Amino acid sequence: MPEKNCSQKDVKNILMEIYHLLLKHFGKQNWWPVVNKKNKRFEIIVGAILTQNTSWKNVEKAIKNLYENNAFSRKAILEMPIEKLAEIIKPSGYYKQKARKLKEIAKLKGRITRKRLLSVWGIGKETCDAILLYAYDIPVFVIDAYTQRIFSRLGFKKLDYDSLQKLFEENIPKDIEIYKEYHALLDELAKNYCKKIPICEKCPISIFCEYGRNNLKK
DNA sequence: CCCCAGGCCGCGC
DNA sequence: GCGCGGCATGGG
């Protein structure tokens, strides 16, 4: 569908139609879930790191452990021995690496910019952009493996992080609520339908999908 | 037993 | 600049 003869206007319409179909199907997602509202920003930063290639269920356990050990602050994380921090966040997996990542991000102070975040060890593009969008309300569109899988099946050609991010940012309204919801909805779609082995029959956006049409033909 | 989960780093080429 | 192995727990 986003083949050669697809105008900029078509892309805009398609992206927004997909958004509305997903919203209608799954409802509002209200990402990012937070335990302690007073600690919202830092919780999102920590959660973004802990959830790297890890299910949110496991992250919730680690977050709970941090609170129960009175360890959910930059100060506590900086002062704690790294081995102890690792034990506390163990359920989130990759716990030795992630303990180091938490200490690295806790060290960062002053103005937050994309460039500065990306320079922190353990923060790649997705984690960086999730932090900017969900913790700081800065309008950057977050791309993840799910988004890439979905748009690959839809028929889009350029799927690397920067190209996909550009596609969204140039074709949907620059609105943090839409950015937040859209990313969350794509996640929901990937988990429920556009899985590794997809379930196209009930997919809410199959009408736009190259892969889905071929898959449903027979 | 297998595969997967809201990635990222370090390495070799 | 890209591909690949390593990192690790918990759930289906």
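Just so it is clear, the model here is predicted, and its values are computed rather than measured. First the proteins, then the strands, lettered A, B, ... as listed; each starts at 1.
Phosphate proximity of dG6(B) to S55(A): absent, as no side-chain N or O sits under 4.0 Å from OP1 or OP2. Contact check, Y146(A) against dA5(B): a side-chain N or O comes under 4.0 Å of OP1 or OP2.
The aromatic rings of F168(A) and Y182(A) sit perpendicular, their planes meeting at an angle over 60°, well past the 30° parallel limit. Using cut-offs of 30° and 60° on the angle between ring planes, the pair F141(A) and H183(A) is perpendicular.
Going from atom OH of Y161(A) over to atom C1' of dC9(B) covers 17 Å, rounded to whole Å. For the pair W56(A) CH2 and dG6(B) P, the interatomic distance rounds to 10 Å; values are reported in whole Å. Taking atom CD1 on I45(A) and atom C1' on dG6(B), their separation rounds to 17 Å, with Å as the unit. Spacing between atom CD1 of I63(A) and atom P of dT9(C) amounts to 18 Å, rounded to whole angstrom units. Following rounding to the nearest Å, K195(A) (NZ) and dA5(B) (P) show an atom-to-atom distance of 10 Å.
Residue E126(A) is classed as a sugar-phosphate contact, given heavy-atom separations below 4.0 Å to backbone atoms only. Here K57(A) lies out of heavy-atom contact (under 4.0 Å) with every strand. Base engagement by Y94(A) is indicated by at least one non-hydrogen atom pair under 4.0 Å involving a base atom. Within the nucleic acid shown, I123(A) comes within 4.0 Å of sugar-phosphate atoms alone, with no base atom in reach, counting heavy atoms only. Residue K96(A) is in sugar-phosphate contact alone, with no base atom involved, counting any heavy-atom pair closer than 4.0 Å across all strands shown. Contact annotation for K196(A): backbone-only contact, meaning every heavy-atom pair under 4.0 Å involves sugar-phosphate atoms and none involves a base.
Look at the P atom in both dC4(B) and dC4(C): the space between them is 16 Å, to the nearest Å. Rounded to a whole angstrom, the distance from the P atom of dA8(C) to that of dG10(B) is 14 Å. With both ends at atom P, the span from dG6(C) to dC3(B) equals 15 Å, rounded to whole Å.
Residue Q52(A) has its side chain nearest to dG7(B) when only dG10(C), dT9(C), dG7(B) are considered.
Under the 3.5 Å distance criterion, the side-chain polar atoms of R41(A) are matched with a main-chain donor or acceptor of A135(A).
Position along DNA chain B of the nearest nucleotide to H183(A) versus W121(A) favours H183(A) as the more 5'-ward residue.
Checking K38(A) against N36(A) by side-chain atom types alone, no donor-acceptor pair falls below 3.5 Å.
A stacking contact links W31(A) to dG6(B): the aromatic ring centre lies within less than 5.5 Å of the base's six-membered ring centre, and the planes differ by less than 30°.
Rounded to the nearest 0.5 angstrom, E60(A) CD and S92(A) OG are separated by 12.0 Å.
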